[in-house]
S.K.: 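Pasting a structure here, questions to come.
What you see below is based on every heavy atom in this structure, not just the backbone, and it leaves out hydrogens, waters and symmetry mates. The structure displayed is predicted, hence computed values, not measured ones.
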2 protein chains.
Amino acid sequence: MARRQLAPPSDLHLTVAKRLRGDGQRYTSNRRALVEVLELTERPLTIAEILERDPRLAQSSAYRNLSVLDSCGVVRRIVTDDEYARYELAEDLTGHHHHLICSQCGRVEDFTISPQLEASLERAFKRVTARTGFTAEHHRLDLVGSCSRCG
Amino acid sequence: MARRQLAPPSDLHLTVAKRLRGDGQRYTSNRRALVEVLELTERPLTIAEILERDPRLAQSSAYRNLSVLDSCGVVRRIVTDDEYARYELAEDLTGHHHHLICSQCGRVEDFTISPQLEASLERAFKRVTARTGFTAEHHRLDLVGSCSRCG
DNA sequence: CTCAGTGCAAAGGATTTGCATGCCG
DNA sequence: CGGCATGCAAATCCTTTGCACTGAG
């Protein structure tokens, strides 16, 4: 099994541990390693990228643990037109943001918009859901195009 | 081969035919059948749903033709967290809109927001792309939650 | 005739799962 | 000790592709 040295538990890890425990899940070293990889990167990563960054991780366990972390609200799974899914820390751990998606290479970067604009969007969503009987959990705003290196 | 009766060519089909021809592609009866299925439905459909609606279509040809129609800008491929891709007519044929995505059953419905809000978004995007060197092609705004039947 | 389009069946490939083993609580 | 976590390998399943055939121009 992949074993890693101890590090002082940060707020993030305490929060994650609590969230997992709330779902009857353990915060194992493999799961901690996944969170640490995602914590260190400021953009969503594919499984392959995650495994590159920590080669001790087994692929199948990474899939399984990311799925658990997703269920517990610790990470978020992002799918684009690209053939790989990507993962990032959940928004309530890192802050609400949106994605720049490169349609050439699949790379995903974060961006934010003003709180005022977010508020306008929320008001518009309220009107839509009131009209349709749809219950909204969250919204997703992506900008699709070419990143600076593919551009 | 799936053969279907003639129908008076509408504006839509003339536009599609022209767009295909512009890419050196033919507007065959199978491709027309796909466009007709999508024209009749007001929400994005999975391949399986398309084949249900016109059982004469062969699965592999549907995949291939939808891919061609996508390249020519006639249809748009939509991926969500759901396991199936979905297809709808391109926005310039039906109008700009956004998607309500049911995280339970995967169903996707359309909605629109006010032109004023769209304009505000565009201005925000301009600022982001100016800052990041990203070239934007289009944006995507989804509302994720539960549809009325999954409620 | 020629060549793109078609349909069947088989291959691809990201993701999931079965199972034996290891480790945490 | 008991049960979840792990990792390897095999299975899944949406999607793509090879190939022989058909039909439009």
S.K.: Roughly, in whole Å, what's the span from CZ in A:Arg26 to C1' in C:dG25?
M.R.: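 Checked: the CZ to C1' distance equals 7 Å.
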S.K.: Would you indicate what B:Gln59 reaches in the nucleic acid, counting non-hydrogen atoms under 4.0 angstrom: base, sugar-phosphate, or nothing?
M.R.: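 It contacts base atoms.
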S.K.: Using a heavy-atom distance cut-off of less than 4.0 Å, which residues of residues 61-77 of chain B contact DNA chain C?
M.R.: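 The answer is B:Ser61, B:Arg64, B:Asn65.
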S.K.: Is A:Asp92 salt-bridged to A:Arg19, going by a charged N under 4.0 Å from an acidic O?
M.R.: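 So A:Asp92 pairs with A:Arg19 through a salt bridge.
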S.K.: Measure CG/B:Leu34 against C1'/C:dG5 and give the value in whole Å, please.
M.R.: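 Rounded to the whole Å, the gap is 13 Å.
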S.K.: From C:dT15, D:dC8, D:dT15, pick the nucleotide closest to the side chain of A:Ser60?
M.R.: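 The answer is D:dC8.
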S.K.: Give me the residues of residues 80-87 of chain B where at least one heavy atom lies under 4.0 Å from an atom of DNA chain D, by number, or none.
M.R.: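 Going residue by residue through residues 80-87 of chain B, the ones with a heavy atom under 4.0 Å of DNA chain D turn out to be B:Glu83, B:Tyr84, B:Ala85.
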S.K.: Which residue pairs satisfy the salt bridge (charged side-chain N to carboxylate O under 4.0 Å, His left out) criterion with at least one member in residues 41-50 of chain B, sequence neighbours excluded?
M.R.: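 Matches after skipping sequence neighbours: B:Arg43-B:Glu49.
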S.K.: Does the gap between the ring centers of A:Phe111 and A:His99 come in under 6.0 Å?
M.R.: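 No, the ring centres sit 6.0 Å or more apart.
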S.K.: Specify the separation, in whole Å, of atom CD of B:Gln25 and atom C1' of C:dC3.
M.R.: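 Atom-to-atom, B:Gln25 to C:dC3, this comes out as 12 Å.
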S.K.: Expressed in angstrom and rounded to an integer, what is the separation of A:Arg56 atom CZ from D:dT6 atom P?
M.R.: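 It is 14 Å, rounded to the nearest whole Å.
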S.K.: If the test is side-chain contact (heavy atoms from CB on, under 4.5 Å), which one of A:Leu143, A:Leu141, A:Ile101 qualifies with B:Arg140?
M.R.: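 In the set A:Leu143, A:Leu141, A:Ile101, the residue that makes a side-chain contact (heavy atoms from CB on, under 4.5 Å) with B:Arg140 is A:Ile101.
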S.K.: Can you tell which of C:dG5, C:dC8, D:dG7 lies closest to the side chain of B:Ala58?
M.R.: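 Of C:dG5, C:dC8, D:dG7, C:dC8 is nearest to the side chain of B:Ala58.
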S.K.: Take atom CG of A:Asp23 and atom C1' of D:dA5, then tell me their distance rounded to the nearest Å.
M.R.: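 From A:Asp23 CG to D:dA5 C1': 16 Å.
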S.K.: Under 4.0 angstrom, heavy atoms only, what part of the nucleic acid is B:Thr28 near: base, sugar-phosphate, or nothing?
M.R.: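 Sugar-phosphate contact only.
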S.K.: Check for me whether the distance between the ring centres of B:His139 and A:His98 falls short of 6.0 Å.
M.R.: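 So the answer is no for these two rings.
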S.K.: For the pair made of CG in A:Leu57 and P in D:dA5, what is the distance, rounded to whole Å?
M.R.: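 So the two atoms are 16 Å apart, to the nearest Å.
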S.K.: Taking atom P of D:dC8 as reference, at what distance in whole Å does atom CG of A:Asn30 sit?
M.R.: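 The distance from CG of A:Asn30 to P of D:dC8 comes to 11 Å, rounded to the nearest Å.
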S.K.: Do A:Arg107 side-chain atoms and A:Cys147 backbone N/O form a donor-acceptor pair below 3.5 Å?
M.R.: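 The answer is no, because no donor-acceptor pair under 3.5 Å joins these two groups.
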S.K.: Without swapping roles, check the side chain of B:Arg77 against the backbone of B:Arg86 for a donor-acceptor pair under 3.5 Å.
M.R.: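 It does not hold such a pair.
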S.K.: Distance check needed: D:dG25 P versus B:Arg21 CZ, whole Å only.
M.R.: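 In whole Å, D:dG25 P and B:Arg21 CZ are 10 Å from each other.
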S.K.: I'd like to know if the side chain of B:Ser61 reaches the main chain of B:Leu57, judged simply by a donor and an acceptor atom lying under 3.5 Å from each other, with no hydrogens or angles considered.
M.R.: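 A pair under 3.5 Å: no.
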S.K.: Ignoring hydrogens and angles, tell me if any N or O in the side chain of B:Arg32 forms a donor-acceptor pair with the backbone of B:His13 under 3.5 Å.
M.R.: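 Looks like no, no N/O pair under 3.5 Å.
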